Amino acid sequence: LELQSGVARRVLLGQEMMTSQEKIKQSYLRLDEFYRGFGDEKRLRSLRDELCGLKDIYGTLSRLSTGVVLDDVAFFEVKELCLTASSVAGIFAGAGITHVVIPDVSEALAVLDPDGQRLPSFYIYSSYSPRVRELRARLKEKVRDDELTAELLAEEEKVRGMLSERLREYEPVLTKALDSLVESDILQAKAAQMRTMRLVFPQLSVDGKTSYRGMFHPYVKALLAEKHK
């Protein structure tokens, strides 16, 4: 499977085998939508370009929900998740994907991007706090002032506390966004594998009988193909 992220591989390997007929039907429904929606190579590449930067920040989101004050690296990770979710939602709209929903994370993104620049970086912007802006301006006028520097660092930490508090209410939607992006990575890889190997969707048996036609073992087939067999 051409998975684009490590977190998708971890989640995939941790999944349990489905035994519910309804869950299997829904799984095939979502896969069929990806198979049809991303048959175009350019659109598929756009999706993969977004997903390749997806990081496993479940731990960061868990800490956020418990009241921990995040550091700048964690804020950057959350902002990056928001930007990816926003971009993938746009790609889904063009591909007609409806069964995997990317929630709206615009409000959470606005917390981390107060100037609306949508840059993949994070900084304690002066626009967060008039006091931070004032202290930075004063420090620019001095060669060195340890007291002002210490005060600035303290004010920046207050801003981090404020941002963590504001983001906390969005933790459920951020976690849902990450879940949907991980599922999307798994589905695009399965859909691509179907197209490459010319696989088909099976019909679910309702009478307890199972039959196969034209079945092959992918690994054995690849080994034989190397020997022109």
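Just so you know, these numbers come straight off a predicted model, no measurement behind them.
The closest side-chain heavy-atom distance from Glu134 to Ser129 is not below 4.5 Å. Using a 4.5 Å heavy-atom threshold, the side chains of Leu174 and Leu178 count as separate. Between Leu167 and Leu112 the shortest side-chain heavy-atom distance falls below 4.5 Å. Side-chain contact between Tyr125 and Val159: absent, with no pair of heavy atoms (C-beta onward) separated by less than 4.5 Å. Within the 4.5 Å cutoff, no side-chain heavy atoms of Glu155 are placed close to those of Ile124. Two residues are said to be in side-chain contact when any heavy atoms from C-beta on lie closer than 4.5 Å; Tyr58 and Asp179 meet this criterion. Taking 4.5 Å as the limit, every side-chain heavy atom of Leu70 sits out of range of all side-chain heavy atoms of Leu163.
Screening residues 188-214 for salt bridge (Lys or Arg N to Asp or Glu O under 4.0 Å) gives no qualifying pairs among residues at least two apart or on separate chains. Within the structure, salt bridge (Lys or Arg N to Asp or Glu O under 4.0 Å) contacts touching residues 77-90 (residues at least two apart or in different chains) are Lys55-Glu80, Lys79-Asp113. For the salt bridge (Lys or Arg N to Asp or Glu O under 4.0 Å) condition, the pairs that include at least one residue of residues 60-75, sequence neighbours left out, are Asp72-Arg160. For the side-chain hydrogen bond (donor to acceptor under 3.5 Å, both in side chains) condition, the pairs that include at least one residue of residues 136-145, sequence neighbours left out, are Tyr123-Arg136, Ser126-Arg136, Arg136-Glu156, Arg144-Asp146.
Between Ala8 and Val182, the shortest heavy-atom contact is CA-CG1, 3.8 Å. The two residues Ala192 and Arg48 come nearest to each other via the heavy atoms CB-NH2, 3.4 Å. The heavy-atom pair separating Pro218 from Met197 by the smallest distance is CB-CE, 3.9 Å. Contact between Ser180 and Val100 at its shortest, heavy atoms only, is O-CG1, 3.8 Å. Across all their heavy atoms, Val88 and Leu47 have their closest contact at CG1-CD1, 4.0 Å. Closest heavy-atom contact between Leu31 and Leu187: CD1-O, 3.7 Å.
Criterion: ILVMFWY side-chain heavy atoms under 4.5 Å apart, direct or through other members. Under it, Ile186 and Val101 are not part of a common hydrophobic cluster. Linking ILVMFWY side-chain heavy atoms closer than 4.5 Å, directly or via other members, places Leu153 and Val69 in two distinct hydrophobic clusters. Linking ILVMFWY residues whenever their side-chain heavy atoms come closer than 4.5 Å, directly or via other members, places Leu199 and Met18 in the same cluster. The hydrophobic cluster containing Met194 does not contain Tyr212, counting ILVMFWY residues as joined when their side-chain heavy atoms lie under 4.5 angstrom apart, directly or transitively.
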Run the numbers on Ser86 and Arg118 for side-chain contact (heavy atoms from CB on, under 4.5 Å), then give the verdict.
CA-CA 10 Å; Ser86 178; Arg118 296 183 68 86; 3.2 Å; yes
The test is side-chain contact (heavy atoms from CB on, under 4.5 Å); show your working for Leu181 and Glu50 and say whether it passes.
CA-CA 10 Å; Leu181 290 171; Glu50 293 295 335; over 6 Å; no
Set out, in order, the CA-CA distance, both residues' side-chain angles and the distance that settles side-chain contact (heavy atoms from CB on, under 4.5 Å) for Asp185 and Leu12, then state yes or no.
CA-CA 10 Å; Asp185 194 0; Leu12 176 64; over 6 Å; no
Residue pair Gln4, Gln188: steps toward the side-chain contact (heavy atoms from CB on, under 4.5 Å) verdict
CA-CA 9 Å; Gln4 303 301 300; Gln188 67 80 22; 3.7 Å; yes
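Qualifying side-chain hydrogen bond (donor to acceptor under 3.5 Å, both in side chains) partners for Arg9, counting only residues two or more places apart in sequence or in other chains: none. Every residue meeting the side-chain contact (heavy atoms from CB on, under 4.5 Å) condition with Ala89, not counting sequence neighbours, appears here in chain and number order: Ile102. Scored by the side-chain contact (heavy atoms from CB on, under 4.5 Å) test, Leu29 finds Gln26, His99 as partners (sequence neighbours excluded). Contacts of Tyr170 classified as side-chain hydrogen bond (donor to acceptor under 3.5 Å, both in side chains), with partners at least two apart in sequence or in another chain: Glu107. Listed by chain and residue number, nothing satisfies the ring pair (Phe, Tyr, Trp, His ring centres under 6.0 Å) test with Phe216 (two or more places apart in sequence, or in another chain). Take Phe38 and apply the ring pair (Phe, Tyr, Trp, His ring centres under 6.0 Å) test, not counting sequence neighbours, and it matches Phe34.
A donor-acceptor contact shorter than 3.5 Å links the side chain of Asp40 to the backbone of Lys42.
Within 6.0 Å of atom CD in Gln203, 12 or fewer heavy atoms from other residues, nucleotides or ligands are found, so the atom counts as exposed in its surroundings. For Arg36, the CZ atom sits in a loose shell: 12 or fewer heavy atoms of surrounding residues, nucleotides or ligands are nearer than 6.0 Å. Within a 6.0 Å radius of CD in Glu2, no more than 12 heavy atoms belonging to other residues, nucleotides or ligands are found. Around the CD atom of Glu147, the shell of radius 6.0 Å holds no more than 12 heavy atoms that belong to other residues, nucleotides or ligands.
Taking CD1 from Ile24 and OG1 from Thr19, the interatomic distance works out to 7.0 Å, rounded to the nearest 0.5 Å. The line from CG of Asp49 to OG1 of Thr84 is 11.0 Å long, rounded to the nearest 0.5 Å. Interatomic distance, CG of Leu51 versus OG of Ser184, reported as 6.5 Å (0.5 Å rounding). The CZ atom of Phe201 sits 8.0 Å away from atom OH of Tyr28, with the distance rounded to the nearest 0.5 Å. Considering SG of Cys82 and CG of Asp104, their distance stands at 10.0 Å, rounded to 0.5 Å. The CZ atom of Phe75 sits 8.0 Å away from atom CG of Leu64, with the distance rounded to the nearest 0.5 Å.
Looking only at atom types and distance, the side chain of Thr175 has a donor-acceptor partner in the side chain of Glu171 under 3.5 Å away.
Hydrophobic cluster membership of Leu83, counting Ile, Leu, Val, Met, Phe, Trp and Tyr whose side-chain heavy atoms lie under 4.5 Å apart directly or via other members: Leu109. Taking Ile, Leu, Val, Met, Phe, Trp and Tyr as hydrophobic and joining them when side-chain heavy atoms fall under 4.5 Å apart, one finds Val220 in a cluster with Leu224.
Electrostatic pairing of Glu33 and Arg30 does not count as a salt bridge here, judged by no charged N lying under 4.0 Å from a carboxylate O.
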